[in-house]
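Let me begin by presenting the structure, written as structure tokens, before commenting on it.
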Amino acid sequence: MSLAERYSQIKASIPPDVTLVAVSKTRGAAEIQALYALGQRHFGENYPQELREKQPALPQDIAWHFIGHLQRSNVKHVVPFVHLIHGVESEGLMTEIQKRAVATGRTVDVLLQVFIAHEETKHGLSPVELRAALNDWPWRAWPNVRVRGLMGMATNIDDRAQVRREFEGLAALWAEVRRLKVFPEDQFTELSMGMSGDAELAIAAGSTMVRVGTAIFGAR
Ligand SMILES: *Cc1c(COP(=O)(O)O)cnc(C)c1O
């Protein structure tokens, strides 16, 4: 199958109100440009250095999503242009994003990453830590950082029932946070979950944003 065929197949399987983020890590500028030419505008990258090199070389109306593990030292490199940072999991990162957002005269949108997988390798706050953060973190100290929702990754396994349970758990937590109104309801609207292998399950559980790499571009 060609890139165009894979892309239209993915597009057809995603409801129009769910944002498709094309994960382009390790992909060259030409491949990204080819997908852009097919109409795709939201792209996701994991590595700050790679994103820094690609961004100036590609169309300026691309909405870049940073979906990797962001270290404080790299915040300054992505804040000037990033559309959405998916993986915020600490006060220190919030403070650094605030600082760099002010320096560039921007307001930066972020998602709080929640740890839902039964794996050691995934980052994020546990549900208990998230609830504590809602109470304890100084949200008003970060006026240039808008928390738009939550992000999570399910366990990478074949047990569909477990993956579904993890997504449903995150969706329930997201609804709970919305009800608490720590963040304005019209701002806290995004739930980023689902990748190539589990996007269908994530969408069924209420995802508003899927991050799809290999199903569009092929194996990395
Ligand atoms: C790489 C990556 C994806 C995309 O994974 P695919 O299996 O290629 O669709 C999605 N989300 C995150 C956080 C990733 O690192």
Side-chain angles (χ1 to χ4, degrees), residues 1-3 5-15 18-28 31-32 34-35 38 40-54 62-71 74-75 78 82-90 93 109-126 130 148-160 162-164 166-167 169-171 174 190-220:
M1 250 197 289
S2 68
L3 177 69
E5 285 165 336
R6 286 193 301 265
Y7 181 56
S8 60
Q9 213 170 66
I10 298 291
K11 290 279 284 183
S13 70
I14 293 173
V18 172
T19 303
L20 171 62
V21 179
V23 176
S24 50
K25 61 185 174 204
T26 78
R27 302 293 169 176
E31 274 180 293
I32 297 171
L35 197 61
L38 295 169
Q40 179 64 23
R41 292 295 177 271
H42 291 265
F43 288 87
E45 290 280 338
N46 285 58
Y47 309 106
Q49 184 59 33
E50 198 180 327
L51 179 53
R52 272 174 83 187
E53 285 166 15
K54 287 174 178 174
I62 286 181
W64 290 105
H65 295 243
F66 190 83
I67 64 170
H69 182 58
L70 188 58
Q71 302 200 317
N74 283 317
V75 168
V78 301
V82 76
H83 176 72
L84 180 64
I85 298 173
H86 287 230
V88 173
E89 56 182 5
S90 74
L93 201 53
D109 284 356
V110 304
L111 304 177
L112 301 175
Q113 185 168 354
V114 182
F115 178 87
I116 54 170
H118 291 82
E119 285 176 88
E120 297 289 313
T121 53
K122 304 271 194 296
H123 291 282
L125 301 159
S126 71
L130 175 66
R148 298 297 314 275
L150 302 180
M151 179 269 208
M153 291 169 84
T155 309
N156 183 18
I157 47 158
D158 291 333
D159 182 350
R160 312 286 284 173
Q162 185 182 331
V163 171
R164 184 182 306 116
E166 290 174 3
F167 285 146
L170 182 57
W174 177 81
E190 301 299 330
L191 177 55
S192 169
M193 58 184 194
M195 318 186 358
S196 293
D198 55 22
E200 273 174 50
L201 291 172
I203 290 167
S207 173
T208 69
M209 197 173 265
V210 290
R211 310 174 308 269
V212 178
T214 47
I216 296 175
F217 289 109
R220 278 185 294 274

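When a ligand or atom number is given, it counts from 1 through the structure's own listing order.
- Of the N and O atoms on the side chains of Glu5 and Gln9, not one donor lies less than 3.5 Å from an acceptor on the other residue.
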Show the distances, to 0.1 Å, for all pairs joining an N/O atom of ligand 1 and a protein N/O atom that are shorter than 3.5 Å, listing one pair per line.
residue	atom	partner	partner atom	Å
ligand 1	8 (O)	Thr214	N	2.8
ligand 1	8 (O)	Thr214	OG1	3.2
ligand 1	8 (O)	Arg220	NH1	2.8
ligand 1	8 (O)	Arg220	NH2	3.2
ligand 1	9 (O)	Ser196	N	3.0
ligand 1	9 (O)	Ser196	OG	2.5
ligand 1	9 (O)	Gly213	N	2.8
ligand 1	11 (N)	Arg211	NE	2.9
ligand 1	15 (O)	Lys25	NZ	2.8
ligand 1	15 (O)	Asn46	ND2	2.7

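- At distances below 3.5 Å, not a single donor-acceptor pair connects side-chain atoms of Asp198 with backbone N or O atoms of Leu201.
- Glu50 and Lys25 are not joined by a salt bridge, as no carboxylate oxygen comes within less than 4.0 angstrom of a charged side-chain nitrogen.
- Side-chain contact, Ser24 with Glu31: no donor N or O sits under 3.5 Å from an acceptor N or O.
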Evaluation steps, side chain to side chain contact (heavy atoms under 4.5 Å, CB included), between His123 and Met153: CA-CA 9 Å; His123 291 282; Met153 291 169 84; over 6 Å; no
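- Counting only N and O atoms by type, the side chains of Gln113 and His69 include no donor and acceptor under 3.5 Å apart.
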